[in-house]
Amino acid sequence: MNRRNFFQKAVPASLALGAVAASCAPKPQIQYPDKHYHISKGYHQIPKLRLSMDRIVKETVGLRPFRASGPRIETEQLGNKTIVHNYGHGGSGWSLSWGTGNIARKLVLATNEKKVALLGCGAVGIATARLLQESGCEVTIYTKDVPPNITSNLATGTWSPASRVCDVNVAKPEFKTIWEDATRFSFRRFQFLLGMDDIACWAEEYSVFDKEPVYAPGAGGEEFEIHGLLPERVRLTSKEHPFKANFVSRRSNLMFNIPSYLRHHLNDFLIFGGKVKIQEIKKLEDIDALPERVVVNCMGLGAKPVFNDQELTPISGQLSCLIPQSEANYKLYTQGASFISRKDGIYIGGNGIVGNWDTTPSREQTEKTVGILQKLMEEMRG
Ligand SMILES: Cc1cc2nc3c(=O)[nH]c(=O)nc-3n(C[C@H](O)[C@H](O)[C@H](O)COP(=O)(O)OP(=O)(O)OC[C@H]3O[C@@H](n4cnc5c(N)ncnc54)[C@H](O)[C@@H]3O)c2cc1C
């Protein structure tokens with residue numbers, strides 16, 4: 001059969017199959033099959049990870065810049081300088097970067113100054129700098145370090161706008177409105193980044209638990225949610241998934257390929273005439289000495305000593321990186337471990353120790369999470 005004949009025969013055949021299925025099948029088992037759905041096996045066949053300690057190529061500990069009342073986004077007058085603060089995003093700095101950057105941009109534009117100094121070259125600083133450029137500002141970034149030597153480079157890279165963003169018992173009620181505004185703006189912005197060298201993409205996220213997972217309220221703002229922004233999480237029956245677990249759900253989520261994302265936006269910043277100067281800000285006098293009258297502070301945890309912010313505290317998180325597997329492009333979390341499969345590696349971990357400044361990776365932590373995931377993979381069908 002030649003190719004043309006095949007398609008002529010195949011199309012009516014599949015339509016006929018659909019008509020039969022519609023007439024006699026009472027209710028379809030899978031409403032929205034995705035690319036992991038294996039039609040003859042009848043369940044979501046998910047590529048297994050090649051997990052072993054000798055495939056771990058990197059271990060890192062990053063410090064999430066946490067503030068119980070939420071990120072600091074406000075203007076402060078220091079002598080003749082206007083400081084616009086935009087720091088303290090906890091575990092949601094990637095996700096909120098464009099949204100809080102947009103709020104900071106409005107505060108800058110209200111000053112009518114066009115020459116802006118921006119402190120910090122992380123995910124938050126770079127997004128804020130790009131937005132300011134889009135509004136016609138001339139921006140110079142002053143920073144101690146550039147990627148990859150920044151906290152933002154040590155993140156998981158997924159859409160998690162409420163992750164450790166505040167302590168809901170401490171944050172003011174109006175923070176939720178600010179958070180929602182920032183979240184919606186960021187979400188829209190990320191849709192424009194899809195398809196650009198894969199810096200942002202959609203992928204499947206599985207939650208795999210023996211018992212129904214219980215989230216402690218007030219753990220860090222995680223209960224903030226905007227329904228309808230992401231596709232709803234779908235609970236899978238045991239026939240539909242390959243795991244040995246009772247509570248399995250799946251949803252599509254946004255993911256960020258961190259190294260290419262940072263490079264892309266930093267390159268854009270330079271193309272649009274931005275300048276980057278390596279300079280550590282040690283004290284307020286260093287800010288006073290800058291030529292610009294408006295200074296945007298995106299120094300993350302680095303803001304703590306300079307602005308004496310007692311509230312700002314680290315929540316450390318370890319990631320252990322496996323050699324990438326191009327066929328595995330999903331995220332999974334289970335009791336005691338999680339992973340995300342990015343272009344540059346499979347990142348396992350995501351723990352959080354409040355108040356820990358130590359960035360030395362723990363081999364024990366890696367062995368523990370690798371062990372949990374090895375068992376999960378061994379027990380998987382397929
Ligand atoms: C393990 C882990 C996983 C995470 N996963 C996610 C996730 O999946 N999704 C998500 O949205 N968020 C995640 N986060 C949170 C996110 O990484 C942070 O909120 C975000 O990186 C903060 O960005 P930032 O630009 O404010 O800070 P940074 O990336 O720390 O950038 C600060 C910048 O300021 C500069 N600087 C600091 N001090 C000075 C100084 N004194 N003088 C001059 N320059 C200075 C630094 O050199 C740097 O350039 C995660 C974090 C960790 C640790």
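Remember, it's 1-based here, ligands and their atoms both numbered in the order they're listed. Residue numbers start at 1 and run along the sequence shown.
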Atoms of ligand 1 close to [X] [distance to a heavy atom under 4.0 angstrom, numbered from 1]:
X	value
Thr151	28 (P), 29 (O), 30 (O)
Ser160	7 (C), 8 (O), 9 (N), 10 (C), 11 (O)
Cys298	32 (C), 33 (C), 34 (O)
Ser92	10 (C), 11 (O), 12 (N), 15 (C)

Does the side chain of [X] come under 3.5 Å of the side chain of [Y] through a donor N or O and an acceptor N or O?
X	Y	value
Gln191	Arg188	no
Glu204	Ser252	yes
Gln318	Thr60	no
Thr128	Asn86	yes

Distance-only N or O hit between ligand 1 and [X], under 3.5 Å:
X	result
Ile281	yes
Trp94	yes
Gly93	yes
Asn149	no
Ser95	yes
Leu63	no
Arg64	no
Val124	yes

Is the distance between the ring centroids of His265 and Phe269 under 6.0 Å? no
Taking the six-membered ring for Trp, are Tyr330 and Phe339 ring centroids under 6.0 Å apart?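 For Tyr330 and Phe339, the ring centres are under 6.0 Å apart.
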Side chain, backbone, both or neither: which part of [X] comes within less than 4.0 Å of ligand 1 when only heavy atoms are counted?
X	result
Leu301	neither
Gln318	neither
Pro161	neither

From [atom], work out which of [options] has a heavy atom at the shortest distance.
atom	options	value
atom 12 (N) of ligand 1	Pro305, Gly317, Ala155, Gly91	Gly91
atom 22 (C) of ligand 1	Ser97, Gly101, Ser152	Ser152
atom 31 (O) of ligand 1	Gly62, Ser186, Gly122	Gly122
atom 18 (C) of ligand 1	Gly90, Gly300, Ala123	Gly90

Check the orientation of His85 and Tyr87. Use parallel for under 30°, tilted for 30 to 60°, and perpendicular for over 60°. perpendicular
Check the angle between the aromatic planes of Trp98 and Phe190 and answer parallel, tilted or perpendicular using the 30° and 60° thresholds. perpendicular
Tell me, please: is Gln279 in heavy-atom contact with ligand 1, that is, under 4.0 Å? yes
With a 4.0 Å cut-off on heavy atoms, is Leu119 in contact with ligand 1? no
Looking at side-chain heavy atoms only, is the closest gap between Val354 and Phe66 below 4.5 Å? no
Inspect the contact between Glu138 and Lys114 and indicate whether a charged nitrogen and a carboxylate oxygen are less than 4.0 angstrom apart.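 Answer for the salt bridge query: no.
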Pair Trp159, Phe187 - check ring-ring contact (aromatic ring centres under 6.0 Å, His included), show working. CA-CA 9 Å; Trp159 173 255; Phe187 190 77; 5.3 Å; yes
Does the Lys NZ or Arg CZ of Arg342 fall within the cation-pi geometry relative to Tyr347 - under 6.0 Å from the ring centre and within 45° of the axis? yes
